[in-house]
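For reference, the structure is listed below as structure tokens.
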2 protein chains.
Amino acid sequence: MKRNTWQREAVREALGTTDGFVSAQGLHAALRDGGSPIGLATVYRALSDLADGGEADSLQSMEGEALYRACSTDGHHHHLICRNCGLTVEIEADAVETWATQVASANGFSQPQHIVDVFGLCAACTRATTA
Amino acid sequence: MKRNTWQREAVREALGTTDGFVSAQGLHAALRDGGSPIGLATVYRALSDLADGGEADSLQSMEGEALYRACSTDGHHHHLICRNCGLTVEIEADAVETWATQVASANGFSQPQHIVDVFGLCAACTRATTA
DNA sequence: CCAGACTTTGACAATCATTATCAATTGTAC
DNA sequence: GTACAATTGATAATGATTGTCAAAGTCTGG
């Protein structure tokens with residue numbers, strides 16, 4: 001049985017009000033700063049529950065942290081992430097989906113899963129870096 | 001100045017004789033089993049040197065480990081990996097390359113990097129699992 | 001509203017991969 | 001061979017994540 005606790009709500013809301021991807025640690029820090037006495041372990045649990053339930057997406061940052069995000073699009077999609085400021089754009093990639101499936105089956109693989117993410121510098125950060 | 005030590009050679013060779021991706025820990029264990037007194041830290045250092053020098057590819061497994069592999073293809077390419085036995089197929093993906101670049105610039109992003117890997121069950125493991 | 005059953009919490013310890021430390025060792029150039 | 005600087009490796013340190021378990025919270029049926 002799943003129960004409704006203010007902690008879970010807090011995590012869900014904190015995720016919702018964040019623009020880009022956040023680490024569990026970062027989200028915990030933010031909640032603490034906001035005055036919430038929530039525990040770190042609880043944030044980890046809530047996040048992986050949300051990810052399991054499809055309410056959040058997760059990915060590994062290039063530094064090896066697990067990052068989470070509440071995504072607006074319901075279905076399967078990928079991300080374009082600014083490696084400087086964290087700005088995230090959701091991208092549809094039907095072409096890539098079918099490509100992945102094809103490549104997999106062409107080589108005899110079943111149950112394909114794929115990791116497809118694009119990192120870069122957003123327009124603003126590109127300007128800032130160049131300047 | 002770069003020096004040639006038997007340790008570096010050992011790592012290079014161990015990588016070369018491995019089919020799929022290996023974790024640093026796994027490679028170290030293999031070398032030790034083979035009678036080499038090489039140190040764990042050294043394996044890590046050698047691997048990241050090889051990766052830097054373009055002699056090896058690295059990726060993050062779904063379990064959060066860093067995996068390494070000596071790749072035959074010189075240029076940029078991606079991988080199709082069996083999540084059960086580690087069998088790896090190198091795949092060319094021009095379509096994906098251009099797609100990534102396009103998506104990035106369409107959204108104002110510069111310096112695009114992308115992570116594109118496909119995991120699945122290879123033919124053999126599919127049979128084994130179904131049986 | 002109340003009790004009891006069952007979850008969830010959270011402080012803390014434990015784990016796991018990886019990185020830093022630093023003295024001892026070993027290539028390399030001359 | 002000698003001297004110098006890079007490399008090694010045992011071990012400690014780090015940092016994210018997960019396990020533990022008693023205490024506290026939540027839901028359900030009376």
Side-chain angles (χ1 to χ4, degrees), chain A residues 1-15 18 20-53 55-69 81 83 86 115 117, chain B residues 1-15 18 20-53 55-69 81 83 86 115 117:
Chain A
M1 188 196 308
K2 269 279 189 267
R3 285 177 182 180
N4 263 352
T5 61
W6 62 266
Q7 286 97 332
R8 247 189 256 277
E9 270 315 311
V11 169
R12 202 197 309 271
E13 201 220 305
L15 247 200
T18 306
F21 277 86
V22 223
S23 66
Q25 309 265 354
L27 201 68
H28 176 240
L31 284 165
R32 275 296 176 79
D33 284 352
S36 184
I38 194 169
L40 177 57
T42 306
V43 174
Y44 273 100
R45 276 185 294 242
L47 283 176
S48 69
D49 280 357
L50 288 177
D52 277 357
E55 296 190 64
D57 274 12
S58 68
L59 65 81
Q60 296 270 324
S61 80
M62 318 207 73
E63 289 80 39
E65 276 179 294
L67 301 182
Y68 295 89
R69 180 163 199 266
I81 305 135
R83 86 173 73 92
I115 299 182
D117 287 296
Chain B
M1 187 195 309
K2 269 281 187 261
R3 284 177 185 178
N4 261 351
T5 60
W6 63 266
Q7 287 97 331
R8 247 189 256 277
E9 270 315 311
V11 169
R12 203 195 308 273
E13 201 221 302
L15 247 200
T18 306
F21 277 86
V22 224
S23 66
Q25 310 264 353
L27 201 68
H28 175 241
L31 284 165
R32 277 294 177 80
D33 284 353
S36 183
I38 194 170
L40 176 57
T42 306
V43 174
Y44 273 100
R45 274 184 295 241
L47 283 175
S48 70
D49 280 357
L50 289 177
D52 277 358
E55 296 190 62
D57 274 12
S58 68
L59 64 81
Q60 295 270 325
S61 79
M62 319 207 74
E63 290 81 39
E65 276 179 297
L67 302 182
Y68 294 87
R69 178 164 201 267
I81 304 134
R83 87 173 72 93
I115 299 181
D117 287 297

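Every chain is numbered from 1 and lettered A, B, ... according to where its sequence line falls, protein lines coming before strand lines.
Considering CD of Gln60(B) and OG of Ser61(A), their distance stands at 8.0 Å, rounded to 0.5 Å. Atom CZ of Arg8(A) is separated from atom CD of Glu13(A) by 16.0 Å, given to the nearest 0.5 angstrom. Rounding to the nearest 0.5 Å gives a distance of 10.5 Å between CD of Glu63(B) and OG of Ser23(B).
As rounded to whole Å, 10 Å separates atom P of dA10(D) from atom CD1 of Ile38(B). Distance, Leu40(A) CG to dT17(D) C1': 8 Å, rounded to whole Å. When the P atom of dT8(C) is taken as reference, atom CG of Leu50(A) falls 13 Å away, rounded to whole Å. Between Leu47(A) atom CG and dT17(D) atom P the separation is 10 Å, expressed in whole Å. When rounded to the nearest whole Å, the span between CD of Glu65(A) and C1' of dC16(C) equals 16 Å. The separation between Arg8(A) atom CZ and dC27(D) atom P is 11 Å, rounded to whole Å. Computed from coordinates, the Glu9(B) CD to dT7(D) P distance equals 14 Å when rounded to whole Å. In this structure, Leu67(A) places its CG atom 12 Å from P of dA16(D), rounding to the nearest Å.
With sequence neighbours left out, the salt bridge (Lys or Arg N to Asp or Glu O under 4.0 Å) criterion links Arg69(B) to Glu90(B). Every residue meeting the side-chain contact (heavy atoms from CB on, under 4.5 Å) condition with Glu55(A), not counting sequence neighbours, appears here in chain and number order: Arg12(A), Leu50(A). In this view, Tyr68(B) satisfies the ring pair (Phe, Tyr, Trp, His ring centres under 6.0 Å) rule with no residue, not counting sequence neighbours.
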Only pairs under 3.5 Å count here: list side-chain donor-acceptor contacts from residues 36-48 of chain B, not counting sequence neighbours, and write none if there are none.
from	atom 1	to	atom 2	distance (Å)
Tyr44(B)	OH	Gln25(B)	NE2	2.8
Ser48(B)	OG	Arg45(B)	O	3.3

>> Across nucleotides 23-30 of chain C, 5' to 3', mark each nucleotide with B, S or - according to how protein heavy atoms within less than 4.0 Å reach it.
In response: ---BBS--

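Taking the side chain as every heavy atom from C-beta outward, Ile115(B) and Asp117(B) approach each other to under 4.5 Å. Taking the side chain as every heavy atom from C-beta outward, Asp49(A) and Lys2(A) approach each other to under 4.5 Å. Asp57(B) is not listed as a side-chain neighbour of Leu59(B), based on a closest heavy-atom distance of 4.5 Å or more.
End-to-end axis angle of the helix from dC1(C)-dG30(D) to dC30(C)-dG1(D), from C1' rotation axes over five pairs per end: 40° (rounded to 10 degrees).
Between the side chain of Thr18(A) and the main chain of Gly20(A), no donor-acceptor pair closer than 3.5 Å is present.
Near DNA chain D, defined here as any heavy-atom distance below 4.0 Å, the residues from residues 22-35 of chain A are Gln25(A), listed numerically.
Here Arg45(B) lies in heavy-atom contact (under 4.0 Å) with a base.
Between dT19(C) and Tyr44(B), no contact under 4.0 Å exists linking OP1 or OP2 to a side-chain N or O. For Gln7(A) and dG10(C), the shortest distance from a side-chain N or O to OP1 or OP2 is below 4.0 Å.
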